[in-house]
Novice: 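I am attaching a structure below and will ask some questions about it afterwards.
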Number of protein chains: 2
Amino acid sequence: MAMRTRQSQRRRQVLTRERIVETAVELLDAVGEGALTVRALTGRLATGPGAIYWHIGNMDELLEAATDTVVATALAPRTQPAEAAGTPQDEIRAVALGLFDAVTEHAWLAAQLAVQLTRKPWGPVTLRIFEGIGRPVRTLGVPQGDWFTTTSTLVHYILGATTQNSQATGDGSVPGSEADRAEFLDTASRAWRDLDPDDYPFIRAVANQMREHDDREQFLAGIDLVLAGVTALHPPATSSPADS
Amino acid sequence: MAMRTRQSQRRRQVLTRERIVETAVELLDAVGEGALTVRALTGRLATGPGAIYWHIGNMDELLEAATDTVVATALAPRTQPAEAAGTPQDEIRAVALGLFDAVTEHAWLAAQLAVQLTRKPWGPVTLRIFEGIGRPVRTLGVPQGDWFTTTSTLVHYILGATTQNSQATGDGSVPGSEADRAEFLDTASRAWRDLDPDDYPFIRAVANQMREHDDREQFLAGIDLVLAGVTALHPPATSSPADS
DNA sequence: ACCTGAACACCGTTCAAGT
DNA sequence: ACCTGAACACCGTTCAAGT
């Protein structure tokens with residue numbers, strides 16, 4: 001048989017790494033993290049485990065690839081536009097919100113971001129987010145020596161906040177409606193009021209705020225808090241003196 | 001260390017939930033997260049799986065309990081002293097460093113904090129940390145309506161930063177020496193310089209800082225950045241008039 | 001080169017049975 | 001009440017064999 005032409009082959013869809021990752025994301029979105037198994041994958045793709053392992057090294061690598069593609073998509077619109085939207089602050093908020101929304105849309109993403117953060121702190125996922133935040137930080141008036149610290153603080157906050165604000169379900173199942181979310185917060189808030197006043201005076205004091213708070217709004221408030229710190233430590237005064 | 005008679009034949013040590021959790025922490029510290037299995041537990045405790053499951057509901061619950069006890073220990077000295085150490089800022093830094101050091105000491109803790117954060121965002125672990133940070137926040141001069149947001153921002157940052165700064169090993173194994181850490185950072189820094197300049201201009205620009213940065217120092221710098229933001233948004237001045 | 005599918009070595013969890 | 005230990009239903013991963 002003659003050598004097969006490289007691309008123009010249409011026939012039965014070939015099994016590619018890309019297609020496996022894509023299917024993994026679908027599976028994660030549809031059934032939750034616990035349901036992503038090689039057997040579920042082989043079922044959807046109509047193959048055997050050997051075929052999967054021919055294209056991907058192992059399950060962890062697949063999870064990382066799935067996370068990375070979703071993060072890349074979430075951040076993509078930010079990296080392209082030739083003209084910036086507005087101030088660097090706006091750009092930072094936009095990147096942060098892109099991640100926030102992605103976590104809302106993909107219930108499994110929060111846990112995976114956390115996993116990637118701890119297990120592969122400088123893997124592609126973290127790198128991508130770092131770059132997305134760091135780029136506008138450069139034009140924020142911060143001396144170059146503080147770029148890393150400033151970006152790091154923002155990234156840490158963003159990842160910490162997005163992971164907690166996710167639609168957590170306890171197990172790896174798929175999250176419920178917004179009403180469920182409200183009920184969840186209500187239950188939590190009520191539980192807080194029953195805590196021992198000696199052990200948890202603060203929690204009890206903020207139980208009400210907790211129930212009424214808007215995740216997205218508060219997420220942005222946190223960003224602004226950090227940005228206010230940046231401005232305070234590095235006043236945007238005209239032509240800052242010796243950065244030395 | 002005081003080696004207690006592990007397998008005292010005379011009086012059979014009773015199996016308690018406490019002892020199981022304790023053994024789980026030992027196992028996690030010694031061999032890493034991947035090694036905590038019910039079979040390893042039954043081996044160390046000289047029982048069968050049924051005995052374990054009589055005391056704990058399941059593996060996740062055990063992991064949560066192990067995490068909670070370690071966090072409780074890390075934060076305990078802070079909650080006890082009748083006389084406060086110093087300023088609320090100092091107190092916040094102390095709590096944050098307590099967690100930072102605990103993560104350094106227990107290599108598995110970072111990943112577990114992240115898991116608890118996402119899977120049980122208002123479970124005992126998060127609650128404990130929230131209380132530890134929130135208490136000094138009250139005396140920071142922040143109006144009560146902003147307590148929750150302020151504390152939330154600090155907690156998010158702290159958890160995000162501690163989890164990333166942990167001695168990650170990729171898999172769930174136990175981390176190596178400090179030299180390994182240095183080599184790890186060096187390798188990462190070198191890899192950064194090889195990135196595509198078009199895709200990752202920022203990362204490349206900070207590659208050097210990354211290699212030379214001190215985790216603990218930078219962690220504190222981030223705390224101070226957030227605290228500076230708090231001060232900026234809520235000036236400690238004697239009831240400053242309307243700023244907005 | 002790419003895929004098949006049986007097989008292996010685990011794993012968490014259950015439960016009838018013992019004390 | 002507390003514990004035993006065999007058994008069940010999974011899981012990720014491998015590999016000789018096919019095309």
Side-chain angles (χ1 to χ4, degrees), chain A residues 1-24 27-28 31-67 108 111-112 115 119-120 170-173, chain B residues 6-24 27-28 31-67 108 111-112 115 119 170-173:
Chain A
M1 177 197 271
M3 198 136 120
R4 196 186 308 158
T5 49
R6 283 238 323 274
Q7 292 181 346
S8 53
Q9 280 291 353
R10 194 61 184 112
R11 58 162 208 163
R12 177 79 49 79
Q13 196 164 10
V14 225
L15 189 61
T16 63
R17 182 188 158 95
E18 227 176 30
R19 207 158 83 89
I20 296 174
V21 172
E22 189 182 306
T23 309
L27 220 36
L28 287 165
V31 227
E33 186 180 349
L36 178 61
T37 67
V38 298
R39 278 164 180 84
L41 235 31
T42 57
R44 278 219 175 196
L45 292 166
T47 52
I52 306 282
Y53 280 90
W54 175 261
H55 291 279
I56 63 149
N58 55 43
M59 215 53 186
D60 278 356
E61 188 189 314
L62 178 57
L63 238 0
E64 177 175 359
T67 305
W108 52 275
Q112 269 312 301
V115 167
R119 278 194 175 3
K120 320 194 88 177
D171 48 33
S173 68
Chain B
R6 183 145 303 171
Q7 8 189 337
S8 71
Q9 261 66 354
R10 290 196 68 246
R11 190 169 66 96
R12 195 122 169 259
Q13 197 166 4
V14 227
L15 191 62
T16 62
R17 182 189 158 97
E18 229 175 28
R19 207 158 84 87
I20 296 175
V21 172
E22 189 183 307
T23 308
L27 221 37
L28 288 165
V31 228
E33 185 179 349
L36 178 61
T37 66
V38 298
R39 278 164 181 83
L41 235 31
T42 58
R44 279 220 175 196
L45 292 167
T47 51
I52 306 283
Y53 281 91
W54 175 261
H55 292 280
I56 62 148
N58 56 43
M59 214 54 185
D60 278 355
E61 188 188 314
L62 178 58
L63 238 1
E64 177 175 359
T67 305
W108 52 276
Q112 269 310 303
V115 167
R119 282 202 177 352
D171 49 34
S173 70

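Order of the sequence lines sets the chain letters (A, B, ...), proteins ahead of strands, with each chain counted from 1. Values in this document were obtained by computation on a predicted structure and should not be read as measured data.
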Novice: Within this structure, what is the CG-to-P distance between Leu36(B) and dC11(C), rounded to whole angstrom?
Specialist: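 Going from Leu36(B) (CG) to dC11(C) (P), I get 11 Å.
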
Novice: Judged by each residue's nearest nucleotide on DNA chain D, which is more toward the 5′ side, Thr16(B) or Pro49(B)?
Specialist: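 Its nearest nucleotide lies further toward 5', so the answer is Thr16(B).
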
Novice: I need the OH-P distance between Tyr53(B) and dG5(D), as an integer number of Å.
Specialist: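 Rounding to the nearest Å, OH of Tyr53(B) and P of dG5(D) are 17 Å apart.
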
Novice: Is any side-chain N of the basic residue among Arg119(B) and Glu33(A) closer than 4.0 Å to the acidic one's carboxylate O?
Specialist: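 Looking at Glu33(A) together with Arg119(B), the answer is yes, because their closest N to O distance falls below 4.0 Å.
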
Novice: Distance check needed: dT4(D) P versus Ile52(B) CD1, whole Å only.
Specialist: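 Taking CD1 of Ile52(B) and P of dT4(D), I get 9 Å after rounding.
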
Novice: Who is the Watson-Crick or G-U wobble partner of dA17(C), with both distances under 3.5 Å?
Specialist: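 Pairing partner: none.
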
Novice: Starting at CG of Leu27(A) and ending at P of dC11(D), how long is that distance when rounded to a whole Å?
Specialist: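 Taking atom P of dC11(D) as the reference, CG of Leu27(A) is at 11 Å.
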
Novice: Answer yes when Lys120(A) and Glu61(A) have at least one side-chain N-carboxylate O distance shorter than 4.0 Å, and no when they do not.
Specialist: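 A salt bridge is absent here (no side-chain N lies under 4.0 Å from a carboxylate O).
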
Novice: Is the phosphate of dA1(D), meaning OP1 or OP2, less than 4.0 Å from a side-chain N or O of His55(B)?
Specialist: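 Looking at the OP1 and OP2 atoms of dA1(D), neither is under 4.0 Å from any side-chain N or O of His55(B).
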
Novice: Rounded off to whole Å, could you give me the CH2-to-C1' distance for the Trp54(B) and dG12(C) pair?
Specialist: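 Whole-Å distance recorded here is 19 Å.
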
Novice: Rounded to whole angstrom units, what separation is found between the CZ atom of Arg39(B) and the P atom of dC8(D)?
Specialist: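 Result: 14 Å.
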
Novice: Whole Å only: how far is the CG atom of Leu62(A) from the C1' atom of dT13(D)?
Specialist: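 Those two atoms, CG and C1', are 14 Å apart.
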
